[in-house]
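Chain letters run A, B, ... following the sequence lines, proteins first, then strands; residues in each count from 1.
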Number of protein chains: 2
Amino acid sequence: MHEKDEDIIDFSASLTDVWRLLNEQERELLRKNAAIQHYKKNQQIYTEGDEPTHLMCLVKGKVKIYKEGVGGRNQIIRMIKPVQYFAYRAYFAREKYLTDAVAFEASSVCLIPMKVVREIMKHNYNICKFFIRQLSVDLGIADERTVNLTQKHIRGRLAESLVFLIDSYGLEDDATINIYLAREDLANLSNMTTSNAIRTLSTFVSEKIIAVDGRKIKVIDEEKLRKISKLG
Amino acid sequence: MHEKDEDIIDFSASLTDVWRLLNEQERELLRKNAAIQHYKKNQQIYTEGDEPTHLMCLVKGKVKIYKEGVGGRNQIIRMIKPVQYFAYRAYFAREKYLTDAVAFEASSVCLIPMKVVREIMKHNYNICKFFIRQLSVDLGIADERTVNLTQKHIRGRLAESLVFLIDSYGLEDDATINIYLAREDLANLSNMTTSNAIRTLSTFVSEKIIAVDGRKIKVIDEEKLRKISKLG
DNA sequence: CTACAACCATGTTTTATAGCACAAAAGTAG
DNA sequence: CTACTTTTGTGCTATAAAACATGGTTGTAG
């Protein structure tokens with residue numbers, strides 16, 4: 001399924017908090033089994049229905065996790081940034097993937113066979129704790145999201161997405177959001193049509209909350225944006 | 001916060017799959033620390049913002065987990081039936097509760113201090129695995145739900161809720177769904193206003209998909225209901 | 001039994017948002 | 001450079017669903 005190029009990297013000695021908790025033997029096991037895979041812009045990483053086999057860690061780039069809805073209206077469920085783990089839910093739930101993962105931009109992913117991860121988990125409570133924590137946080141986010149996406153109005157939903165992007169990817173020196181999304185992706189994040197994303201973005205510009213230059217979004221009045229996000 | 005009456009029950013020797021995996025010492029620990037708490041109809045079990053301290057297991061009754069939305073429009077996130085564990089997400093995520101839990105009908109809940117659970121988890125991989133699995137499944141459901149609630153039309157959403165109730169609580173001999181909800185709860189489950197829940201329920205009746213007698217819902221054409229749920 | 005509250009039902013109005021059509025701009029390939 | 005596709009922008013229309021209004025029904029407390 002995944003053709004890996006066989007860079008074996010010593011990521012397990014890196015800073016990633018999780019693997020710090022391993023002993024030397026466990027690290028060795030990881031080193032032997034980890035592989036790096038590179039993805040081009042817009043390349044599929046996994047597809048709904050695929051059998052999950054590997055834990056993935058985004059080393060470089062940006063990835064979106066989304067679900068296909070009716071009539072081409074996709075819903076972005078989660079966005080991954082370095083260094084974040086993903087693709088484990090389906091395996092743990094003993095299901096196929098329910099989502100699609102696509103690289104937003106050229107990305108590098110570290111793949112670790114789930115069997116290896118499970119082996120380590122058996123003897124290492126800290127790794128279990130990591131996944132339990134991660135899943136719990138994500139479940140909370142998902143619950144919040146359900147309510148926000150269903151109950152907030154368009155302005156609130158778009159503002160929320162922008163705030164989310166700010167918090168996830170940060171701002172450059174000139175207050176530009178550090179990720180460049182197509183209007184369509186912005187719409188898919190915010191549960192609205194592309195037209196409405198464009199329209200609403202325009203009104204935000206005219207209200208001097210943001211400035212837009214192509215896909216660059218510069219945040220002018222972050223406070224107001226957060227307010228709209230909260231109350232919208 | 002929870003005044004427990006101190007029935008100490010021997011539930012840990014019961015059939016619940018999870019605790020089968022404990023050794024005698026761990027069971028003893030549970031027996032000593034578990035307590036049963038009874039809740040009346042419509043009584044709050046926990047509230048958003050509360051500090052999570054206990055793992056809860058619904059022994060008897062029915063419980064709804066919901067989030068308060070804007071303008072009194074609540075969204076039911078999850079429904080609990082016996083014997084199901086709940087209330088652990090917030091603790092594992094190291095957050096306060098993000099949701100409210102209320103007993104739909106007179107219910108009994110077994111409370112186990114999270115500290116005790118954690119103690120057992122440290123030495124028992126199976127319990128960790130149980131929570132990881134449960135969280136993973138729930139996260140998958142939450143993701144599905146987000147898309148369904150945002151993209152399906154009213155008919156589809158209500159049909160989906162009815163199917164969910166059938167699958168969760170089952171049908172009596174005469175095909176009556178085994179839980180009696182107010183129209184408002186049905187609406188809160190399906191992300192719509194109460195009026196629209198009533199209206200749509202009526203059209204289902206006129207289409208001979210269901211029959212309604214007060215809060216009793218009798219399923220006449222389950223296949224059609226599932227079809228509407230899927231395609232709606 | 002009566003009064004009051006909660007719940008259920010249905011019709012009408014309003015509004016937010018999807019859907020569509022079309023044009024301009026930008027990006028891409030030959 | 002030119003042709004072609006994709007993305008962005010904008011106005012108009014259609015419509016699903018909320019909001020509102022009103023009345024009936026059922027349940028409950030005194």
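Rounded to whole Å, atom P of D/dA16 lies 18 Å from atom NZ of B/Lys152. Per the geometry, CE belonging to A/Met192 stands 16 Å off C1' belonging to C/dT15, to the nearest Å. Atom CG in A/Leu201 sits about 10 Å away from atom P in D/dT8, given to the nearest Å. Rounded to whole Å, atom P of C/dA18 lies 12 Å from atom CG of A/Asn188. If you take CZ of B/Arg199 and P of C/dC7, they are 19 Å apart, rounded to a whole angstrom. Rounded to whole Å, atom C1' of C/dG19 lies 15 Å from atom CD of B/Gln151. The interatomic distance linking A/Arg183 (CZ) with D/dT10 (P) rounds to 10 Å, in whole Å. One interatomic measurement links the two molecules: CG of A/Asn42 to C1' of C/dT28, which rounds to 14 Å at whole-angstrom precision.
In this structure, NZ on B/Lys64 lies 10.0 Å from CD1 on B/Ile179, to the nearest 0.5 angstrom. Here the CD atom belonging to A/Glu184 is positioned 10.5 Å from the OG atom belonging to A/Ser195, to the nearest 0.5 angstrom.
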Could you walk me through whether B/Ile177 and B/Leu171 pass the side chain to side chain contact (heavy atoms under 4.5 Å, CB included) test, one step at a time? CA-CA 5 Å; B/Ile177 299 179; B/Leu171 295 173; 3.8 Å; yes
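Contact check, A/Arg157 against C/dT17: a side-chain N or O comes under 4.0 Å of OP1 or OP2. A close approach under 4.0 Å does occur between a side-chain nitrogen or oxygen of A/Thr193 and OP1 or OP2 of C/dA18. Close to C/dA18, at under 4.0 Å from its OP1 or OP2, lies a side-chain N or O of A/Asn196.
Tested against A/Asp143, the residues B/Gln75, B/Arg78, B/Lys67 include a single side-chain hydrogen bond (donor to acceptor under 3.5 Å, both in side chains) partner, B/Arg78.
Note on B/Arg215: only backbone sugar-phosphate atoms sit closer than 4.0 angstrom, heavy atoms only; bases stay farther off. Residue B/Arg73 is classed as a sugar-phosphate contact, given heavy-atom separations below 4.0 Å to backbone atoms only. Using a 4.0 Å heavy-atom cutoff across all strands shown, A/Ile198 reaches at least one base atom of the nucleic acid. Contacts of B/Thr194 with the nucleic acid, taken as non-hydrogen atoms under 4.0 Å apart, are absent.
A/Thr150 contributes a side-chain N or O that, together with a main-chain N or O of A/Thr146, makes up a donor-acceptor pair within less than 3.5 Å.
Closest to the A/Ser202 side chain, of the nucleotides C/dA18, C/dA16, D/dT10, is D/dT10. Comparing C/dC7, C/dT10, D/dT8 by their nearest atom to the side chain of B/Ser195 picks out C/dT10.
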